[in-house]
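What you see is a predicted model; the values in this text were computed from it and never measured. Sequence lines set the chain letters: A, B, ... in the order given, protein chains first and strands last, and positions in each chain run from 1.
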Amino acid sequence: MAKKQVYDHRKIEKKWQKKWETSKIYKTDDKTLKLGQKKFFVLDMFPYPSGEGLHVGHPKGYIATDVVSRMKRMSGFKVLHPMGWDAFGLPAEQFAIKNKTNPMIGVKKTVARFKKQVSIIGLDYDWDREINTTDPKYYKWTQWTFLKMLEAGLAYESHEPINWCPSCKTGLANEDVEDGKCERCGTPVEKKPLRQWVIKITKYADRLLNDLEALEWPEPIKDAQRNWIGRSEGAEVTFKTNAGVDVSVFTTRVDTLFGVTYVVVAPESKLIAEFGNSIKNQKEVAEFIKNTSKISDIERTAVDKPKNGLKLEGVIAINPSNNEEVPVFIADYVLANYGTGAVMAVPAHDTRDYAFAKKYDLPIREVIRPEVEIAGAELFVDDGVLINSSKFSGLTSSEARGKITKTYGKLVTKYKLRDWVFSRQRYWGEPIPVIHCTECGVVPVPYKDLPVVLPKVKSYEPTGTGESPLANISSWVNVKCPKCKGPGKRETNTMPQWAGSSWYYLRYMDPKNDKALVDPKKEAFWSPVDFYVGGAEHAARHLIYARFWHKFLQDIGVVKYGEPFKKLQNVGLIMGEDGRKMSKRYGNVVNPDTIVETYGADTLRLYEMFMGPFDQEITWKTDNIIGVRRFLERVWRMHERVVDDKKSKAKKGVATKDTVGLDNPTEILFNQTIKKVTDDIGTLGFNTAISQMMILVNQLEKVEIIPKSVYLTLIKLLAPFAPHATEELWMLLGQKGSVHTSGWPEYDSDKLVLNTITVMVQVNGRVRDQFNAEIGISKEDMEKLALDSKYIQDNFAGKTPTRVIVVPNKIVNLVY
RNA sequence: GCCGGAGUGGUGGAAUGGUAGACACGCACGACUCAAAAUCGUGUCUCGCAAGGGGUGAGGGUUCAAGUCCCUCCUCCGGCACCA
């Protein structure tokens, strides 16, 4: 019997964290990688190491991957569970501006702080593989990939107006704009024409969409991506005009073609210039365009905003279906950068066209009849049956779409996804590795000269001019053109923060490689990421960019698989006790350090996993922590009652042979627990896994003798959740080595169900009585025993039920 | 508006169509204690003394049997949104 010992989490946790660090038991050895070997790559979305430090919500995902990682390691998998830092971006830059020091200094501080906070939780990261996106050795390969994209024609310069945040003084990608506001600072975004680098992510739209099917991702996330990519199939129809210029329109409702009463062109459309002198009211048109451009995107895209437009006097378009002449408008409700930037307006069957037609008193022509007549309705937007559509009248909408497209247009697919605006006019990002030469134009920096290291500057302030602060360092900017050796200037735009995070998982496989982005053998072994955990807010940003980046790397032969993350799970947020997001602003932040100090890391871990379903948002309650702490203490005290069973040394996996001394119900419960904990970790049902262990422990409290093998198995099951306490107990019981490399328990599948079962007797579906029986009892015997039960005898004696349903080993339902 | 997800005790939450409320917090009572804390035990959906009845956001339906499946709603949360 083991010696009496109190559970002192402070001592134990510190001790083991130190030992694990020196013994490197969590180091992922990649000297020998054999394809086909059991491997498991489990990944957290790497954090931005913010100066504010962690609150208890942050580590929830890390704890979950840690549990999975530990369980997989115990099960004999070669596990890769790394951590790193996504450290480019605004917070470090703001730190730099405030302190007039290089952002690297701020990053170093926050990384150190972050790492310390993470490490006291006892996570099993292999810190030898730590990466940092701001390390030139790392971003060399971010730049390298950009050059490859440039070579492939995927990266291009554009002067189109883009989203501009006047507060951050930088251009933004579509993905960085939320509700017309800058995702970072909340300032309304403006449109600004600016030279910028753009990446043709739209070329991958189809693959990004189609490959979603095979991914084991939460359906809502897949949906969010489908939504974002926004594929729609429709028809492109060309309207000839009297100005000698054709107007192509995109529509998903070509079945309404005969109902067109006017055409609308976006104010930003090039068509307006092309119409030239055909437009008779040039002055008003110019005025209108100017006014529209002043309005911010939020105002302009507000759904219930009245639609403003202006007729282009003198311009007439011809409807190809009936050769009818219709007027052409410009209006702010038509977007230049979707479809063709022009629409055919069918006010009778489109909400927006209807509103516009009403406002400007334009004709409304009905060409679709609902299958069931709706009295008095002037607007009908659903599919129906065509009328007033020459030979197509009488067809249903869907039939007509095919036929009309064939006759008057062509089938096209459009996406809502826009190309990725890749330039930022800020300092703290990867320099875009190109040189502008007056003779040769854009010249890529030769691969051998990578990385283009971010130089030190005096001022980190964004200039607001459309150039980054880098533009002021003439010694850095002015270089020889690599091609003609003439004078050249470096690109001063930097990359968005999303760049470095688009491929970081690959670097973990081979973090120190200076010759390649990743060694192909290592990539082949570890890819894909088996399990990826992070916040749902990345659905349409990081997770799209990373998938795109990965597919590009696949195309150029760097990686073999088409998708980076096989299985994805979202962490549910932890809210403050007041139900609001944890934030300094609300004063509801709970710090993990204090919880670890008071209750221990193991308790914190158990609590976060026990709180509720992993992917669900949940409110933090410090009061409730005591429950899991009590559980841990019960497990701890139990070690004093452990009795050596003779065979325990011999057997590793199968526990049942050693469980002599347990009565049948306890032995069954024991095996059920092994099964449930194993299954539940696999499906991320951490809360139910823990509750099952609690049930077992509650039962073992009532048992006199606890066989050592049973106890050791319990310790193993608990080890992924509470690594420190279990490691200490493992040692106290005289076991060699670490519990974390001791093998995962197996259950005896013959001992999962009790010999005796309780059968419920239902009458008309309501439980009225019950009886005990041996497992495997025949249906006939069950029915007989049910009819013999007291309730039936008392209430239905002598009556024959009209129907009897027998569910083997469970229920007899008698219908009277 | 469109697309998702969710509504179960005082609380967090369990429940392959088959005993609703596991497990935990809290609360009440009891044991231990001079006492308290800790620990252990018992109870704890609701109406009812009981027998019994009712009960998973509302209302319908399918079924021998519905928290679970179907329909119509309501509420909350998330994503997208003048995307033609």
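- Distance from the side chain of D223(A) is smallest to C3(B) among C40(B), A15(B), C3(B).
- The only option from D353(A), D382(A), D383(A) that meets the salt bridge (charged side-chain N to carboxylate O under 4.0 Å, His left out) definition with R253(A) turns out to be D383(A).
- When rounded to the nearest whole Å, the span between CZ of F610(A) and C1' of U11(B) equals 13 Å.
- Counting any heavy atom pair closer than 4.0 Å across all strands shown, Q616(A) reaches sugar-phosphate atoms only and no base atom.
- Put simply, CG on N174(A) is 11 Å from P on C80(B), counting in whole angstrom units.
- Of the listed nucleotides (A65(B), G79(B), A24(B)), G79(B) has the atom at the smallest distance from the side chain of A224(A).
- The 5' end of RNA chain B is approached more closely, in terms of each residue's nearest nucleotide, by V807(A) than by the other of V807(A) and L814(A).
- U11(B) and U62(B): their P atoms are spaced 34 Å apart (whole Å).
- Using P as the reference atom, C25(B) and G13(B) are 16 Å apart when rounded to the nearest Å.
- The gap from the P atom of G17(B) to that of A6(B) amounts to 14 Å, rounded to the nearest Å.
- Heavy-atom neighbours of K359(A) NZ from other residues, nucleotides or ligands within 6.0 Å: above the threshold of 12.
- At a threshold of 4.0 angstrom between heavy atoms, the contacts of K621(A) are confined to the sugar-phosphate backbone, with no base atom among them.
- Between F686(A) and F610(A), the distance separating the two ring centers is not shorter than 6.0 angstrom.
- S232(A) comes within 4.0 angstrom of sugar-phosphate atoms only, judged by non-hydrogen atoms across all strands, and of no base.
- For G67(B), there is no paired base (Watson-Crick or G-U wobble, both distances below 3.5 Å).
- Candidate nucleotides A22(B), G18(B), A84(B) were compared by shortest atom distance to the side chain of N813(A), and G18(B) ranks first.
- For C73(B), the paired nucleotide is G57(B), the pair qualifying as Watson-Crick or G-U wobble because both relevant distances are below 3.5 Å.
- Counting non-hydrogen atoms under 4.0 angstrom, I626(A) reaches the backbone sugars and phosphates but no base.
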Verdict with supporting geometry, T292(A) and D332(A), side-chain hydrogen bond (donor to acceptor under 3.5 Å, both in side chains):
CA-CA 7 Å; T292(A) 310; D332(A) 57 2; 5.7 Å; no
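- In this entry the distance linking CZ of R634(A) with P of C23(B) reads 11 Å, nearest Å.
- Within the nucleic acid shown, M760(A) comes within 4.0 Å of at least one base atom, counting heavy atoms only.
- Note on V815(A): only backbone sugar-phosphate atoms sit closer than 4.0 angstrom, heavy atoms only; bases stay farther off.
- Residue D350(A) places its side chain closer to A84(B) than to any other of A65(B), A24(B), A84(B).
- Here CD1 of I544(A) is found 9.5 Å from CG of L209(A). Values are rounded to the nearest 0.5 Å.
- No hydrogens or angles were tested; on distance alone, a donor-acceptor pair under 3.5 Å links the side chain of K810(A) to the base of U16(B).
- Side-chain proximity of T688(A) to G18(B), A15(B), G13(B): nearest is A15(B).
- Salt bridge annotation for R418(A)-E175(A): absent, with no cationic side-chain nitrogen under 4.0 angstrom from a carboxylate oxygen.
- Closest contact between the side chain of N687(A) and the listed nucleotides A84(B), A14(B), C80(B) involves A14(B).
- Closest approach to the Y333(A) side chain among G79(B), G18(B), C82(B) is made by C82(B) (side chain taken as heavy atoms from C-beta onward).
- Nucleic acid contact for N337(A): none, since no nucleic acid atom lies under 4.0 Å from a heavy atom of the residue.
- The separation of C2(B) from A15(B), taken at their C1' atoms, amounts to 34 Å, rounded to a whole angstrom.
- In the set C64(B), C80(B), C23(B), C80(B) carries the atom at the smallest distance from any side-chain atom of W228(A).
- In this entry the distance linking CZ of R629(A) with P of C23(B) reads 22 Å, nearest Å.
- Between G9(B) and G21(B), the distance separating the two C1' atoms is 7 Å to the nearest Å.
- As judged by a 4.0 angstrom heavy-atom cut-off over every strand, R418(A) is placed among the base-contacting residues.
- Here N624(A) lies in heavy-atom contact (under 4.0 Å) with sugar-phosphate atoms only.
- Nucleic acid contact class of I625(A) (heavy atoms, under 4.0 Å, all strands): none.
- Residue H538(A) contributes atom NE2, which lies 13 Å from atom P of C80(B) at whole-angstrom precision.
- Rounded to an integer number of Å, the gap from D615(A) CG to C77(B) C1' is 13 Å.
- Of the candidate nucleotides A81(B), C64(B), A84(B), A84(B) has the atom lying nearest to any side-chain atom of V334(A).
- When both pairing distances are held under 3.5 Å, A20(B) makes no Watson-Crick or G-U pair with any nucleotide shown.
- The base-pairing partner of G1(B), taking Watson-Crick or G-U wobble contacts with both distances under 3.5 Å, is C80(B).
- Taking a cutoff of 4.0 Å between a charged side-chain nitrogen and a carboxylate oxygen, K784(A) and E780(A) do not qualify as a salt bridge.
- For the pair M782(A) CE and C64(B) C1', the interatomic distance rounds to 14 Å; values are reported in whole Å.
- Judged by distance alone, the side chains of Y338(A) and S232(A) do bring a donor and an acceptor atom under 3.5 Å apart.
- Look at the P atom in both C70(B) and C23(B): the space between them is 31 Å, to the nearest Å.
- Here the separation of A66(B) from G18(B), taken at their P atoms, is 11 Å to the nearest Å.
- One P atom belongs to G55(B), the other to C73(B), and the distance between them is 25 Å to the nearest Å.
- Ranking A20(B), C3(B), G12(B) by closeness to the V767(A) side chain, first place goes to A20(B).
- Residue contacts shown for D353(A) are absent, as no nucleic acid heavy atom lies under 4.0 Å away.
- Using a 4.0 Å heavy-atom cutoff across all strands shown, R637(A) reaches sugar-phosphate atoms only and no base atom.
- Nucleic acid contact for F631(A): none, since no nucleic acid atom lies under 4.0 Å from a heavy atom of the residue.
- A side-chain donor from one of Y415(A) and D206(A) sits under 3.5 Å from a side-chain acceptor of the other.
- Taking the ring axis of Y586(A) as reference, the NZ or CZ atom of K581(A) does not stay both within 45° of it and closer than 6.0 Å to the ring centre.
- In this structure U62(B) sits in no base pair that meets the Watson-Crick or G-U test at under 3.5 Å.
- Look at CD on Q762(A): it is 12 Å from C1' on A66(B), rounded to the nearest Å.
- Contact annotation for R768(A): backbone-only contact, meaning every heavy-atom pair under 4.0 Å involves sugar-phosphate atoms and none involves a base.
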